Amino acid sequence: MKAGRLLALFFAGILVAQADDDTATMPDVIQGAQQWAQQNLDTNVLNALSKADTAEEQQFFDEIQQCFQGDYVVDLAALRQTAQTVLPLLESRDETRPYGAWLEARMDYLDVADEIRLTIPPPTVATNQPSPAAANPPPQKERELWVRKVSASPWPALAKEYVPELKPIFAAQNVPPDLVWVAEVESGFDRRALSPAGAAGLFQLMPDTAKRFGLSLWPRDQRYQAEPNATASARYLKYLYEHFKDWRLALAAYNAGEGTVQKLMDRYKADNYDAIAGYLPAETQMYVPRIEAILRQREGADLEQLSTPQG
């Protein structure tokens with residue numbers, strides 16, 4: 001099966017989970033989708049997708065943003081079965097294996113979202129009225145769910161190699177060494193991991209972020225090298241902490257973008273993560289408590305008590 005077909009199958013599964021949008025015309029959808037793809041998707045992804053059916057392109061380019069940047073955590077549960085089917089296919093070929101590494105690192109999101117789905121009672125809906133959206137769990141509830149999930153998870157196999165190597169790199173940047181475990185969430189410690197949006201390496205750096213913090217993308221992309229990737233990631237985390245003065249907010253910004261976090265804080269006049277958690281993108285709502293749980297399980301560390309970067 002061609003790489004384009006594999007990716008098309010994956011994103012087609014994502015589409016099944018999304019509501020139909022009847023307000024946009026097909027030409028509008030195509031134009032907007034193509035523009036978004038050119039700005040956000042990695043060149044390798046675009047090359048693969050060029051082999052996919054046109055009908056599939058027209059659909060999933062418009063829907064992919066809603067899936068990963070949607071408002072509701074529970075919506076991720078609908079992707080679980082399709083992802084379980086597609087992951088072995090992505091891992092079976094050299095050209096799609098980096099995307100498989102990226103997806104594998106995110107499978108726990110889908111498991112926890114499905115657990116959340118099972119705890120939500122069916123809504124009482126008036127006749128001929130649309131079903132209300134399921135509310136996001138409170139931040140503390142998500143933290144509890146992730147503690148249970150991570151407590152049953154062993155160390156990733158590659159962590160035994162990388163954690164001792166990466167901790168001195170973080171320490172050299174005056175960043176708490178325990179934060180190397182961000183790589184478990186970002187890539188499962190697989191430096192080959194590549195997202196459809198173009199983030200790459202152990203800490204999933206986007207091209208602009210990598211260049212901003214000193215990495216070169218040509219002739220060799222340093223994001224795929226463990227030490228440069230970790231160094232840039234530590235510098236970015238330090239910058240975010242110095243800006244937000246809070247590790248939860250810094251991690252939310254690492255995942256969703258500092259602009260997204262700052263706008264929510266301004267809009268809701270918030271000064272802490274919990275005050276904006278329910279308004280963050282669905283992935284970010286899972287990302288922060290997942291890292292908290294991993295730090296507690298792997299290192300016995302409390303995210304809120306981590307040392308402040310110096311220098």
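Along the sequence shown, residues carry numbers from 1. Nothing here was measured: the structure is a model prediction, and the numbers come from that model.
Surrounding CD of Q81 are at most 12 heavy atoms belonging to other residues, nucleotides or ligands under 6.0 Å away. Atom CD of E227 is surrounded by 12 or fewer heavy atoms from other residues, nucleotides or ligands within 6.0 Å. Within 6.0 Å of CZ in R191 there are 12 or fewer heavy atoms belonging to other residues, nucleotides or ligands.
Here the side chains of Y109 and V185 are in contact, with some heavy-atom distance below 4.5 Å. The side-chain heavy atoms of L280 and Y273, taken from C-beta on, include a pair separated by under 4.5 Å. At least one side-chain heavy atom of E165 sits under 4.5 Å from a side-chain heavy atom of Y162. No side-chain heavy atom of S151 sits under 4.5 Å from any side-chain heavy atom of R296. Between R298 and V150, the closest side-chain pair of non-hydrogen atoms falls below 4.5 Å. You'll find the side chain of K167 reaches within 4.5 Å of the side chain of D178, heavy atoms only. Between L103 and M107, some side-chain heavy-atom pair lies under the 4.5 Å cut-off. The closest side-chain heavy-atom distance from T284 to L251 is not below 4.5 Å.
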Test side-chain contact (heavy atoms from CB on, under 4.5 Å) applied to W146 and V112, step by step
CA-CA 8 Å; W146 278 107; V112 171; 3.6 Å; yes
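Side chain of R223 to backbone of G201: no donor-acceptor contact under 3.5 angstrom is found. Of the possible donor and acceptor atoms, one in the side chain of N136 sits under 3.5 Å from a partner among the backbone N and O of G278. A distance-only check finds no donor-acceptor pair linking the side chain of K269 to the backbone of D266 [under 3.5 Å]. Between the side chain of Q222 and the backbone N or O of S216 there is at least one donor-acceptor pair closer than 3.5 Å. Checking side-chain atoms of R97 against main-chain N and O of E91 turns up a donor-acceptor pair under 3.5 Å.
Residue E186 is tested with Y254, W102, Y287 for a side chain to side chain donor-acceptor pair (under 3.5 Å); the sole match is Y287. Paired with Y224 under the rule side chain to side chain contact (heavy atoms under 4.5 Å, CB included), one option of L194, L202, N229 passes, and it is L194.
L158 and V182 fall within a single hydrophobic cluster, where Ile, Leu, Val, Met, Phe, Trp and Tyr side chains are chained together by heavy-atom contacts under 4.5 Å.
Using bins of under 30°, 30° to 60° and over 60° for the plane-to-plane angle, the ring pair Y279/Y268 lands in the parallel bin. Between F213 and Y236, the ring planes are tilted. Angles from 30° to 60° get that label.
For the pair D246 and R248, the salt-bridge criterion is not met [side-chain N within less than 4.0 Å of a carboxylate O]. With salt bridges taken as basic N to acidic carboxylate O contacts below 4.0 Å, none links K149 and E115. Electrostatic pairing of R143 and D274 counts as a salt bridge here, judged by a charged N lying under 4.0 Å from a carboxylate O.
The shortest heavy-atom contact between L166 and A230 is CD2-CB, 3.6 Å.
Figure legend: R212 and Y239 shown as a cation-pi pair, the cationic atom lying under 6.0 angstrom from the six-membered ring centre and within 45 degrees of its axis.
Here W181 and F189 bring their ring centres to under 6.0 angstrom of each other.
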